[in-house]
Number of protein chains: 2
Amino acid sequence: MPIRTGPVVVPAAVIKRLPMYYRYLQVLVDEGLERISSRELSQLMGITSSQLRQDLSYFGEFGQQGYGYKVTELYQAICEILGLEKQYKTVLVGVGNLGRALINYQGFSRRGLNLKGIFDNNPAIIGENINGFTVRSVEELRPYLQKEGIQIGVITTPASAAQEIADILIAGGVTGIWNFAPQHISTLEDVIVENTHIGDGLLSLFFKMKHQERLELK
Amino acid sequence: MPIRTGPVVVPAAVIKRLPMYYRYLQVLVDEGLERISSRELSQLMGITSSQLRQDLSYFGEFGQQGYGYKVTELYQAICEILGLEKQYKTVLVGVGNLGRALINYQGFSRRGLNLKGIFDNNPAIIGENINGFTVRSVEELRPYLQKEGIQIGVITTPASAAQEIADILIAGGVTGIWNFAPQHISTLEDVIVENTHIGDGLLSLFFKMKHQERLELK
DNA sequence: TAGATTGTTAATCGATTAACAATC
DNA sequence: TAGATTGTTAATCGATTAACAATC
């Protein structure tokens, strides 16, 4: 789905690449690099310089002719575009294997995800402590959301429970859902659902390995 | 990159959707559903029935006019297409936060990823036991690969180490690399690299939430 | 200034969708 | 048989790339 920012419509394909720009620029900032050209950056990333410049043009003018881009300036611009200045209060629902992995992974707090509570419907694990979070009953979810002003819900339940949980999250005022369940989530218009399936990349890898000898040489 | 299977060239966009078909069909098989039409399945998945039928047509004819698809048959066909009948011997390099999360996550073994060894260069954690795996020194990686006949390497190191590790993996005979580092990996022609960045979905969610009021209504 | 590199236009390329003949 | 639904064609739509005037 394309997005309108001011008078400009940003294509879906461009939005999907923004996090990639963020990742690469973060590394370059850490390395202390001062300037980079679209040609150099695009080569690092394995895309064309044309695409890089075209993508950035949807958001403004960030470079200087004959010079290129100042790395920290471009990085900050991308952070601003992505909305990384904010912190989002978040709950996670579904403390299975995947849920536990995500709770233990610190990478998201760096990006502004502020995990407040974790929930499950399995009595056997309610009360358990994981990485400093106590597992709460799903029964408590609905009131918790409003009391704490939760903005984002992470769904790591089985497919069968995902829509039901999404409905509770939405009723509780959440405006963003990060869904890991293999289930399409239906929502009202003003709730954003983002689907992530970490196993998908592995299956693509298997497919390409299987058909390796028949890879198009292009 | 499109892939040629037999006489047919499969578009990259189709390959990216194959794991999604796998996920949804797996759920339907578990639920014991016998038949489904392209219209029903596509609605579940949030795509058009046209796209579903078009996608499948690159691999053969799996349905019956007037009836639809037999769920288990279609599921098995997708498994076959993805190459899920095999097991792949795998190592993981980089036992940081993300690496630990992946080692603890059981979801991959179900799909045919057979983790054999885990490696890091930090002396402080070499010898540590994680989910039944002992952390080995990266020094041992190269000989280990050949001795064990490892086929896939998972890279969860910082960006700065990723290419160096990839070179060792390739020299050791690995033909598939699943890269989680924010670093483009250069390889020889017959090594497949698949990049996965779990944080990207979160950033897309932030972006869309920030620009929510300006969403294209379409 | 001369060389480098941007931002943008327009052409090309690829992906999606609508529509329908074929047929179970 | 009649109704339903596939597989496929062709048209539409969107994304990528090449090229270059503008300019630092």
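All chains are named by letter (A, B, ...) in the order of the sequence lines, taking the proteins before the strands, and each is independently numbered beginning at 1.
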Handout entry: Check: B:F108 ring centroid to B:W178 ring centroid under 6.0 Å
Key = yes
Exercise for the section: For this output row, return yes or no: ring centroids of B:F119 and B:Y144 closer than 6.0 angstrom. Expected result: yes
Problem - Residue closer to the 5' end of DNA chain D, A:T48 versus B:I36 (nearest nucleotide) - result: B:I36
Exercise for the section: Please figure out whether B:S50 or B:R35 has its closest DNA chain D nucleotide nearer the 5' end. Expected result: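 Upstream on the strand: B:R35.
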Fill in the blank from the handout: Testing D:dG7, D:dC20, C:dT9 for proximity to the side chain of A:R53, the answer is D:dC20
Practice task
Give the nucleotide from the list D:dA15, D:dT23, C:dC24 with an atom nearest to the side chain of A:Q65.
Solution key: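 Among D:dA15, D:dT23, C:dC24, the one nearest the side chain of A:Q65 is D:dT23.
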Handout entry: Under-4.0 Å side-chain N/O to phosphate OP1/OP2 contact, B:Y69 with D:dG7
Key =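 So the side-chain polar atoms of B:Y69 do come within 4.0 Å of the phosphate oxygens OP1 or OP2 of D:dG7, strictly under.
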Practice task
Report yes if a side-chain nitrogen or oxygen of A:Q64 is closer than 4.0 Å to either non-bridging phosphate oxygen (OP1 or OP2) of C:dT6; otherwise report no.
Solution key: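 No, outside the criterion.
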Practice task
Compute both the distance and the angle, then confirm whether B:R35 meets the cation-pi test with B:Y69: under 6.0 Å from the six-membered ring centre, within 45 degrees of the axis.
Solution key: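 Judged by the rule, B:R35 and B:Y69 form no cation-pi pair.
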Practice task
Describe the nucleic acid contact of B:E61 in one word from base, sugar-phosphate, nothing, applying a heavy-atom distance below 4.0 Å.
Solution key: sugar-phosphate
Practice task
Could you check whether A:S49 gets within reach of a base, just the sugar-phosphate, or nothing at all, counting any heavy atom under 4.0 Å?
Solution key: nothing
Exercise for the section: Provide, to the nearest angstrom, the distance between the CD1 atom belonging to B:I47 and the C1' atom belonging to C:dT17. Expected result: 12 Å
Exercise for the section: Send over the distance from B:Q51 CD to C:dA19 P, rounded to a whole Å. Expected result: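 In whole Å, C:dA19 P lies 17 Å from B:Q51 CD.
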Exercise for the section: Check whether the side chain of B:Q54 and the base of D:dT8 form a donor-acceptor pair under 3.5 Å. Expected result: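 Side chain to base: no pair present.
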Exercise for the section: Identify the heavy atoms of A:P19 and A:K16 that sit nearest to each other, and give their distance. Expected result: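 Heavy atoms of A:P19 and A:K16 come nearest at CD-O, 3.5 Å.
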